[in-house]
Each structure stands twice: as structure tokens, then as C-alpha cells.
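One structure is given below, encoded as C-alpha cells.
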Number of protein chains: 2
Amino acid sequence: MTQTPRPLDTHLLAHDRVYRHLRSRIMYGDLAPGQSLTLRGIGKEFGVSMTPAREAVRRLAAEGALTMSASGRVSTPALSNERIEELAALRALIEVELASRAMPRAHYALIDRLQTINNAVSEAVAHRDAVSYIRSNLEFHRTLYLRAQAPAMLAMAETVWLQLGPTMRALYGRLRRTEPPHFHKLIIAALRAGDEPGLRLAVRTDVTQGLRMLAT
Amino acid sequence: MTQTPRPLDTHLLAHDRVYRHLRSRIMYGDLAPGQSLTLRGIGKEFGVSMTPAREAVRRLAAEGALTMSASGRVSTPALSNERIEELAALRALIEVELASRAMPRAHYALIDRLQTINNAVSEAVAHRDAVSYIRSNLEFHRTLYLRAQAPAMLAMAETVWLQLGPTMRALYGRLRRTEPPHFHKLIIAALRAGDEPGLRLAVRTDVTQGLRMLAT
DNA sequence: CAGGCTGGCATGTGATCACAAAGACTGTAT
DNA sequence: ATACAGTCTTTGTGATCACATGCCAGCCTG
């Protein structure tokens, strides 16, 4: 490692840059479900050839963030209700465990940061900004789970978020809510009180509730 | 190479063929932890160019089945004890849920098949064949979980198996056990009795026990 | 006007190449 | 004998190209 000539963009490898950008877009709901992408289009957009575009796309597809038709056409996935329920259950399982592991290490500074992030969530809800809402909501969860010191579990949770990204966008886009996130307050309260069963319940409910209203 | 000379192999796409073969090798412990691979070597072995080899490798790396150094060198991962503990916890979480969901649909035919597979497990243990042991052991679990009708969860479980593959190989390779798998019998018994809490406990124990003896 | 067919365009796949960087190896000096 | 330096080989990366395939529009026919 001589010296990276680029202070921004930690990894300067083309395929990684493309991967990260696309991943963000998908996870935070910039792309609607069913939207299709082309390798040449991605390449042109990022100023690279098809090769790194293909690697990024295949990686995303492997993580379930994109689906590939038999002919190799890629598009953002349109999830069935069963799939959504399953992914919600997975979120509940993993994230409850992460929260539980994070709790003993959650100091006041962390809780304050969660509070701050949660204000951003409320603001996004008030402005009906779906992308900001998803982004700050996930940041709230990630900030808490980071304290669990369980990178493999966190990676799994993020993979699930990734798969739900376009769907969440579609969901919150047609949502008329303006009330701030109630269950986040419960999470913070349980954290403050050191109430582990309460924390588990609050996380499970928060994670499950949003997806429940998908049942058509 | 205009026409693939191979009528078998359901998917005739080069990168997919390479991916599947490598994945099997890793998951079933054909490769020791820390073993390094080269793209040109893989390409030569499968008779393809570097391009599909790279895609297969990157996909495996994305799934945690291979690690890539900063310079892009790939090798099978040597897991830390914390990582192993974490992955074991993940297995417990997900597989207990899968077993629980599979139980209501577990008919006699399924239990018989589990019994048969378990005999293969016993035989592999008796012959001290680590690869056969891992393969039939995972087949036992997969057969049960398939009944849960939860493809996303099963995929996650398999990803964890994949990450643990080389480590399990190293573990069972230096194991001197010859007794047949006790906890599998408990699982089958709980299934027969319709004892859901017992099933959860049996699965959790079976999944956890093997990795416990890793704590150096 | 409807339905099927054909031709052309768009798109993914895999091979090959040039290049850069990382590692290994060898020879030398201390 | 060991440490260092220079080179030579190995290896990953990304661009480009040829090719096969799938999709779609427009046309023709009934």
C-alpha cells in the first residue's frame, strides 16, 4: 500500500466502487421493485467497462439484492408475500439477538446517538421522504447492532435489508403515516432501563410491524 | 470452444459450473483452511478462461466462503474463535427456526429418509471419513429444513455452512470419535413425538456441540 | 383488424490482451 | 550465516472483442 491517491472512496477498485454505489441505491430504496438494469448502462454510468459492472451485478445477485432471469437479464426483485414474511422473520431472529448482545455494552453515549438518529427518522417521516426514512431507520439499527461486536451476524442482517430495499421503498412510498417511530422509543427506553426482555420484544415488534401491512 | 462437450451439468454456463464445484469443495471440507487459489489455476482446472473463474471466486468471496487479501489473492478462510462462535450462534438461531417450521409438515416418509441419511452419517464416522461425514451430516439437516418451505432462511443457513466448511474439515479431521451421532437421534425422536421444545433443544445442541470443542 | 413471423437491435458471456503490483528467488555484501 | 537489493515470475484487474441469444418492432397474411 504505497499511498492511495484518492482520499475519498476508500477502495479505488472499479468493481468495488460500482458495487457500493449500487448497493446503497438498492438498500435505501432508490430503485423500485422490478426495475431492470443493463451491464453496458451501468458501465457507462460509472465510466467503466462491462467487466467490473458485471462483477458488481453478480455479487449483488448472489446476495439476493438483484434477480437474474435465465437469459442473464438483471432487475431489482419483486418479492412475493411469503418471501417478505420470511425475510421479516429472519430480521426478527437475527436483530433480536444482535440487540441482546449489544445491550451490555450500550453506554450513555450510544443511547444519545440513537436518540439523535431517531430525530432524523422522525423528520424524514414528517417530510414523507421515503429514502431518508429508510436510510436513517437502518442507521438507527446498525448503530445499535455495531455494539454487539458480531460482524457475521450484522452482515447477515444487512443482507436481509438489502433484499428488502426495493420493497420497503414501494411500501413506505404509499404510506400516509406522519407519526414518529413509536417502537424506536421503546427500544431506547428498554436500553436505558436495562430491560432485556423488553428490548427483545421492542426490536421484534419494530422489525415486524412495518412489513405486516404488506399482506395484500 | 463453440459447443460445450458436456450434456450433463444442468447449467452449462461456465461460471456457474465453476461456482458449484468450488462451492461443494468448500462446503464439504475438501479444502483446508488457509489454502490459496489462483484464477488461472482454477481456469485451467475447469477448462475455462480467467473471466468465469473470477466471477465464481468473487461470488464465493461475497458469501464468505473465500477471503480475498488486499491484493486480490484468494484463499479459504482461517476463522478466529470469535468468528466460529458467532457462526455457531447463527446456525443455532436459524436452524432451530427452520426445524420448528418443518415439524408440522414432517410426515413418516421424511423421518424415514432422515433415518437412512443418519445411517450414512454413522458409517462415515465409523470410517473416519471427514468429507463424507460433513456431506451426509449437512444432507441430514438440509432434508429436514427443506420441509420448512422457507427458501431464504435455508439459503442463509447454507451460507453459514459454507463459511464453516474448511474449519469443520480441520476439526473433524483431527477428531478421534467413532460413536454415531447422538443428537440426530434426539432430533428424530422429537420429530416422532411431536415434541416441539424438545426438537428446538436437540437441534440447538447438535449444531452447537460440534463447534464447542474448537475453543483452544 | 388480429395474430404470427421475421429481421434487426440490444444484451449477456467468455476469451484474450496489456498492464501493474505483489511475491519469490538469487546473488552479494557484511 | 544472514540480511538486503534487484530481477523475474506470478497473479489480479479491467478493456475490448467475437459470438450467441433473446427481445421487440414492424410487416405480412388471413
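Throughout, a chain's letter reflects where its sequence line sits, starting with A, and its residues are numbered from 1.
Separating the CZ atom of R58(A) from the P atom of dG14(C) is a distance of 7 Å, rounded to the nearest angstrom. The CE-P distance, from M50(A) to dC19(D), rounds to 16 Å in whole Å. With rounding to whole Å, L13(A) atom CG is found 12 Å from dA21(C) atom C1'. Here dG12(C) presents its P atom at 9 Å from CG of L37(A), a figure rounded to the nearest Å. When the P atom of dC19(C) is taken as reference, atom CG of L39(B) falls 20 Å away, rounded to whole Å. One interatomic measurement links the two molecules: CZ of R40(A) to C1' of dA15(D), which rounds to 13 Å at whole-angstrom precision. Put simply, NZ on K44(A) is 14 Å from P on dA15(D), counting in whole angstrom units. Look at CD1 on I42(A): it is 15 Å from P on dG14(D), rounded to the nearest Å.
With hydrogens and angles ignored, no donor-acceptor pair closer than 3.5 Å exists between the side chain of R54(A) and the base of dG12(C). The base of dA15(C) lies close enough to the side chain of T51(B) for a donor and an acceptor atom to sit less than 3.5 Å apart.
Within the 4.5 Å cutoff, side-chain heavy atoms of Y145(B) are placed close to those of V203(B).
What you find for I187(A) and F140(A) is that their closest heavy atoms are CD1-CE2, 4.1 Å. Across all their heavy atoms, M153(B) and I94(B) have their closest contact at O-CG2, 3.7 Å.
Heavy-atom neighbours of R101(B) CZ from other residues, nucleotides or ligands within 6.0 Å: above the threshold of 12.
In this structure, of dA15(D), dG14(D), dG14(C), it is dA15(D) that holds the atom nearest to the side chain of S49(A). Side-chain proximity of R73(B) to the nucleotides dC23(D), dG14(C), dG12(D) is greatest for dG12(D). Nearest nucleotide to the side chain of P52(A), out of dA22(C), dG14(D), dT13(C): dG14(D).
For the pair M68(B) and S69(A), nearest-nucleotide mapping onto DNA chain D gives the more 5' position to M68(B).
For the pair E158(A) and R142(A), the salt-bridge criterion is met [side-chain N within less than 4.0 Å of a carboxylate O].
Using a 4.0 Å heavy-atom criterion, one finds that V48(B) contacts the sugar-phosphate atoms exclusively.
Listed pair H15(A) / dG14(D) meets the phosphate criterion, a side-chain N or O lying under 4.0 Å from OP1 or OP2.
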